[in-house]
Amino acid sequence: MPLSHSSVRFSHAVIVGLAAGLLGGLFGVGGGLIIVPGLVSLAGMDRRLAHGTSLAATLPIAAASLITYVSHGNVDWAVAALLAIGAIAGAIVGTTLLHVIPKNVLIVVFVITVLATATRLAVSTESTGRVDLTVGMALLLIAVGLLTGTLAGLLGIGGGVIMVPAMVVILGMVPVVAKGTSVAVIVPTAIMGTIRNRKKANADIRVAAVVGGFGAASAIVGGTISDRMSDQVSNIMFAVLLVFVAFTQLLSLRSKPSIATPEPSIPTSD
């Protein structure tokens with residue numbers, strides 16, 4: 001039977017949640033890559049409402065993932081704090097520039113960057129360990145967070161698919177620590193975005209509770225698997241995820257723009 005006025009069936013919400021949680025736990029992302037298309041295609045939810053609901057569902061999924069990563073000592077809190085500063089500011093910049101910069105141009109640049117990063121991850125599997133946090137490196141991390149938040153605000157792409165490879169490639173971090181650190185950044189930004197969506201009545205909390213609840217359970221499984229995964233396998237699997245993200249963004253170039261584009265919330269659910 002439907003969960004609420006959105007006519008989303010309980011079984012569909014459970015399926016979407018389990019899949020999104022496993023993805024979030026494995027890769028240190030929010031799970032929006034699964035939640036949004038799942039709610040739209042499988043559950044028949046309006047796309048705008050699906051984005052807001054996805055962000056609300058991301059919170060328990062990311063929190064469960066974070067607990068799992070923390071329990072294994074796989075979070076770099078200093079790096080997370082610096083990235084979060086840039087990401088929150090970047091999300092504001094991104095939503096401000098949404099109607100200024102041509103979206104198609106941004107998508108092409110984003111796809112090229114993501115594919116280059118995927119190639120770099122696939123061919124380089126050695127992790128030398130995180131470099132020292134000098135003033136210059138701290139500023140670089142804030143810049144990465146700023147870029148992450150800006151692209152998220154402009155394209156609706158969650159921060160995990162950008163932050164994780166950035167930490168691995170630029171900082172030389174062990175993949176599992178990069179994932180845990182990414183989740184630590186996603187949690188506070190998901191809280192902020194959900195509060196904004198609630199004020200605008202752009203989130204179905206009952207659906208989000210089911211998706212997030214079951215997603216949290218599978219996120220623990222995903223995070224445990226990630227801790228036991230070799231760096232080489234982790235990098236290759238994340239490279240595959242990046243190629244998938246690039247493919248979905250290229251497909252969005254073919255979609256017809258809507259008549260009116262609503263101002264998005266801070267989209268960190270991917």
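Computed from heavy atoms alone, side chains included, the values below leave out hydrogens, waters and symmetry copies. The chain is numbered in sequence order, starting from 1.
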For this session: Find out if a path of hydrophobic residues (ILVMFWY) with successive side-chain heavy-atom gaps under 4.5 Å connects V233 to I225.
Result: yes

Exercise. So, do T181 and M173 sit near enough that their side-chain heavy atoms are less than 4.5 Å apart?
Worked result: yes

Problem set entry | Working for side chain to side chain contact (heavy atoms under 4.5 Å, CB included), residues L141 and V79 | CA-CA 7 Å; L141 285 172; V79 172; 4.1 Å; yes

Problem set entry | Backbone of I162 reached by a side-chain donor or acceptor of T148 within 3.5 Å | no

Problem set entry | Same apolar cluster: V185 and L139, side chain cutoff 4.5 Å | no

Seminar exercise, completed: Value for CG (L22) from OG (S218), rounded to nearest 0.5 Å, stands at 6.0 Å

For this session: Working to the nearest 0.5 Å, report the span between CG of L39 and NE2 of H12.
Result: 11.0 Å

Exercise. Is there side-chain contact between W77 and V70, with heavy atoms separated by less than 4.5 Å?
Worked result: yes

Problem set entry | side chain to side chain contact (heavy atoms under 4.5 Å, CB included) between S234 and F27, intermediate numbers included | CA-CA 8 Å; S234 179; F27 297 113; over 6 Å; no

For this session: Take L23 and L241 through the test side chain to side chain contact (heavy atoms under 4.5 Å, CB included) and record every step on the way to the result.
Result: CA-CA 10 Å; L23 181 75; L241 175 66; 4.1 Å; yes

Exercise. Distance from F214 atom CZ to F10 atom CZ, nearest 0.5 Å?
Worked result: 4.0 Å

For this session: Go through the steps to decide whether V144 and L82 satisfy the test side chain to side chain contact (heavy atoms under 4.5 Å, CB included), and finish with yes or no.
Result: CA-CA 9 Å; V144 170; L82 292 169; over 6 Å; no

Exercise. Of the non-hydrogen atoms in V40 and A50, which two are nearest, and what is the gap between them?
Worked result: CG2-CB, 3.8 Å

Problem set entry | Closest contact, heavy atoms only, L115 versus A246 | CD2-CB, 3.9 Å

Exercise. Side-chain heavy atoms under 4.5 angstrom apart, residues restricted to Ile, Leu, Val, Met, Phe, Trp, Tyr: same cluster for I35 and I15?
Worked result: yes

Exercise. Shortest non-hydrogen contact from T68 to S71?
Worked result: O-OG, 2.6 Å

Problem set entry | Single-linkage hydrophobic cluster V169~F238, side-chain heavy atoms < 4.5 angstrom | yes

Exercise. What pair of heavy atoms forms the shortest contact from S182 to G28, and how long is it?
Worked result: OG-O, 2.9 Å

For this session: For the residue pair P175 and V164, establish whether any side-chain heavy-atom pair is separated by less than 4.5 Å.
Result: no

Problem set entry | Whether T53 side chain and A203 backbone form a donor-acceptor pair below 3.5 Å | no

Exercise. OG of S230 to CG of N235: how many Å apart, nearest 0.5 Å?
Worked result: 8.5 Å

Exercise. Would you say the side chain of V29 lies within less than 4.5 Å of the side chain of V183, judging by non-hydrogen atoms?
Worked result: no

Exercise. V243 and A118: which non-hydrogen atoms are nearest, and at how many Å?
Worked result: CG2-CB, 4.2 Å

Problem set entry | Side-chain touch L83/I142, heavy atoms, less than 4.5 angstrom | no

Problem set entry | Closest non-hydrogen atom pair, A178 against V168 | CB-CG2, 3.9 Å

Problem set entry | Interatomic spacing from OG in S65 to CG in L26 - rounded to 0.5 Å | 9.0 Å

Exercise. Honestly curious: do I220 and V187 fall in one hydrophobic cluster under the side-chain, below-4.5 Å linking rule?
Worked result: no

Exercise. Heavy atoms, side chains only, cut-off 4.5 Å: are V176 and H72 in contact?
Worked result: no

Problem set entry | Flag side-chain contact, heavy atom, 4.5 Å: M237 against M229 | yes

Exercise. Is the backbone N or O of A190 less than 3.5 Å from a side-chain atom of T194, with the two atoms forming a donor-acceptor pair by type?
Worked result: yes

For this session: For the pair Y69 (side chain) and G25 (backbone), establish whether a donor and an acceptor sit closer than 3.5 Å, ignoring hydrogens and angles.
Result: yes

Problem set entry | Minimum side-chain heavy-atom gap V177-V75 below 4.5 Å | no

Exercise. For the atom pair CG (L18) and CD1 (I34), what is the distance rounded to the nearest 0.5 Å?
Worked result: 12.0 Å

Exercise. What pairs with D227 under salt bridge (Lys or Arg N to Asp or Glu O under 4.0 Å), at least two apart in sequence or on another chain?
Worked result: none

